There are 2 protein chains.
Amino acid sequence: MARMVAERADAIAPLAEVFREHGYEGASLALIGKATGLGKGSLYHFFPNGKEEMVQAVLGEIGQWFEDVVYSPLRNQSDANGAIGAMLDSTDQYFRSGRRVCLVGALAVANTRDLFAQAIRGYFVSWVDALQSALIRQGRDADQSRILAEEAVLAIQGAIVLSRAMDDPAVFQRAIDQLRKRLVIENDTSNNKGTIDDSPQNEGRLV
Amino acid sequence: MARMVAERADAIAPLAEVFREHGYEGASLALIGKATGLGKGSLYHFFPNGKEEMVQAVLGEIGQWFEDVVYSPLRNQSDANGAIGAMLDSTDQYFRSGRRVCLVGALAVANTRDLFAQAIRGYFVSWVDALQSALIRQGRDADQSRILAEEAVLAIQGAIVLSRAMDDPAVFQRAIDQLRKRLVIENDTSNNKGTIDDSPQNEGRLV
DNA sequence: TAATAACTTTACCGATCGGTACAATCGCGG
DNA sequence: CCGCGATTGTACCGATCGGTAAAGTTATTA
């Protein structure tokens with residue numbers, strides 16, 4: 001027989017899925033128990049503060065994953081341009097082209113926002129800051145990078161909403177494509193370094 | 001004493017607010033009763049199919065409002081450029097610079113999406129189609145207009161999420177500003193119906 | 001192997017859920 | 001002023017909610 005004694009860490013991933021799919025209030029202890037394979041006793045053993053602690057644990061795990069896979073490369077990787085491209089790839093995979101909801105974004109628009117305000121805010125602030133850092137290292141102006149980073153993060157959240165509303169992952173993928181055009185500087189080794197066009201129509205595009 | 005007998009139409013606005021603030025599952029009949037001032041008896045008299053019918057009624061009202069105020073001008077107004085600008089103004093006001101959640105967007109990411117899939121899809125399809133129509137009438141390429149319209153609608157949804165997550169309406173307003181730069185063509189020196197606003201907020205912009 | 005800690009099962013709690021039934025009340029046309 | 005349909009208040013339903021208590025079982029350690 002497989003091990004009867006579970007570990008807290010094993011519950012995090014199923015918890016994340018059930019909260020993503022049903023939201024904070026919609027995820028009942030019955031659903032949570034089914035998703036994790038744990039009874040109430042075990043759940044309250046690992047998370048004495050109930051659902052709130054479960055979500056906090058999930059948010060911590062999500063934050064750590066993004067820190068390792070997305071934010072840290074954006075901040076530290078010498079190839080800023082490559083880090084931005086990798087961010088778009090990771091994001092597309094993580095959100096399954098919009099089929100998977102962003103739990104943090106969903107919590108941000110729910111009435112339970114205040115309970116997790118700090119974690120929600122931190123998630124997005126880190127993302128925008130890290131992306132801005134990479135954009136600046138690409139050689140862009142700091143203010144323009146700020147705007148661009150905010151626009152990019154916001155577009156990803158909006159793309160999830162819209163692609164789910166349309167029930168069409170292509171919507172999400174088009175949004176990622178557009179972001180790639182606006183954020184990643186194509187480097188033809190043959191030609192000059194080029195300049196960055198900050199005009200409204202071609203904002204941030206290399207010309 | 002005010003009239004004791006309520007009308008169904010009077011309940012729609014409070015219903016919209018309570019569903020916006022608490023979501024479909026989170027809006028209990030107790031909350032709904034408090035928000036509308038109606039008891040269960042009245043509520044089930046006006047909406048025999050319960051909460052689902054209430055939300056459908058709200059979605060219908062929302063759709064009608066956007067049709068009248070946003071979509072129709074985008075499609076039919078001869079001044080396409082002006083209609084786009086007006087759309088951004090209306091949107092900023094309607095969503096209270098991100099302080100007010102988009103019910104349709106919130107339903108799109110909730111697990112109850114399937115119940116209202118048709119209305120949700122119609123809301124966004126109409127928006128994107130109408131905006132594309134205006135962009136084409138501005139003289140833009142059809143394919144590019146499609147992409148741009150999708151990006152704009154998506155950005156508005158994302159801006160709501162992000163500005164709520166940050167608890168900062170300025171995030172929403174920056175997003176609207178950026179959209180104005182990208183969507184509204186300012187260079188029409190020919191027949192200029194507007195005036196130049198020199199106030200700090202709108203310096204040098206056509207209003 | 002005995003003691004102890006970690007984990008699980010089960011039964012149960014009061015509160016609230018969405019929804020129903022129905023009698024009482026209201027406004028209005030006759 | 002009557003009668004009738006539209007509206008409302010209230011009591012109630014079974015189900016489920018999040019959470020607690022405590023006895024039982026398993027793994028770890030000494």
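Chain naming here is simple, since letters A, B, ... match the order of the sequence lines and numbering starts at 1 in each. The structure displayed is predicted, hence computed values, not measured ones.
Between the CD atom of B:Glu53 and the P atom of C:dG18 there is a distance of 16 Å, given to the nearest Å. Distance CG (A:Asp10) to C1' (C:dT8): 15 Å, rounded to an integer number of Å. Between the CD atom of A:Glu7 and the C1' atom of D:dA27 there is a distance of 12 Å, rounded to whole Å. Put simply, CZ on B:Phe19 is 12 Å from C1' on C:dG18, counting in whole angstrom units. The interatomic distance linking A:Ile32 (CD1) with D:dG18 (P) rounds to 7 Å, in whole Å.
No side-chain donor-acceptor contact under 3.5 Å links B:Ser42 to the backbone of B:Leu38. Of the possible polar contacts, none joining the A:Lys181 side chain to the A:Ile176 backbone as a donor-acceptor pair under 3.5 Å is found. In this structure, B:Lys51 contributes its side chain and B:Ala27 its backbone to a donor-acceptor pair below 3.5 Å.
Below 30°, between 30° and 60°, or above 60°: for A:Phe19 and A:Tyr24 the angle between ring planes is below 30°, a parallel geometry.
Residues that satisfy the side-chain hydrogen bond (donor to acceptor under 3.5 Å, both in side chains) test with B:Ser133, not counting sequence neighbours, are B:Arg137. Residues passing the side-chain hydrogen bond (donor to acceptor under 3.5 Å, both in side chains) test with A:Arg100, sequence neighbours excluded: A:Glu17. Residues that satisfy the side-chain hydrogen bond (donor to acceptor under 3.5 Å, both in side chains) test with B:Tyr94, not counting sequence neighbours, are B:Arg20.
Residue-to-nucleotide contacts include a donor-acceptor pair under 3.5 Å from the side chain of A:Lys40 to the base of D:dG19.
Near DNA chain C, meaning a heavy atom under 4.0 Å away, the residues from residues 41-49 of chain A are A:Gly41, A:Ser42, A:His45, A:Phe46.
Smallest separation of non-hydrogen atoms from A:Gln56 and A:Ala119: OE1-CB, 4.4 Å.
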All N/O contacts under 3.5 Å from nucleotides 14-16 of chain C to the protein, with atom names and distances to one decimal?
none

Task: Pair A:Gln64-A:Asp68, side-chain hydrogen bond (donor to acceptor under 3.5 Å, both in side chains): steps then yes or no - done: CA-CA 6 Å; A:Gln64 193 57 56; A:Asp68 295 343; 3.1 Å; yes

Open item on the list: Using the rule given for salt bridge (charged side-chain N to carboxylate O under 4.0 Å, His left out), can you reason through A:Arg180 versus A:Glu186, listing the C-alpha separation, both sets of side-chain angles and the distance that settles it, and then say yes or no?
Closed with: CA-CA 9 Å; A:Arg180 209 180 299 271; A:Glu186 308 287 348; over 6 Å; no

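End-to-end axis angle of the helix from C:dT1-D:dA30 to C:dG30-D:dC1, using five pairs per end and rounding to 10°, comes to 10°.
Environment of CD in B:Gln118: sparse, with no more than 12 heavy atoms of neighbouring residues, nucleotides or ligands closer than 6.0 Å.
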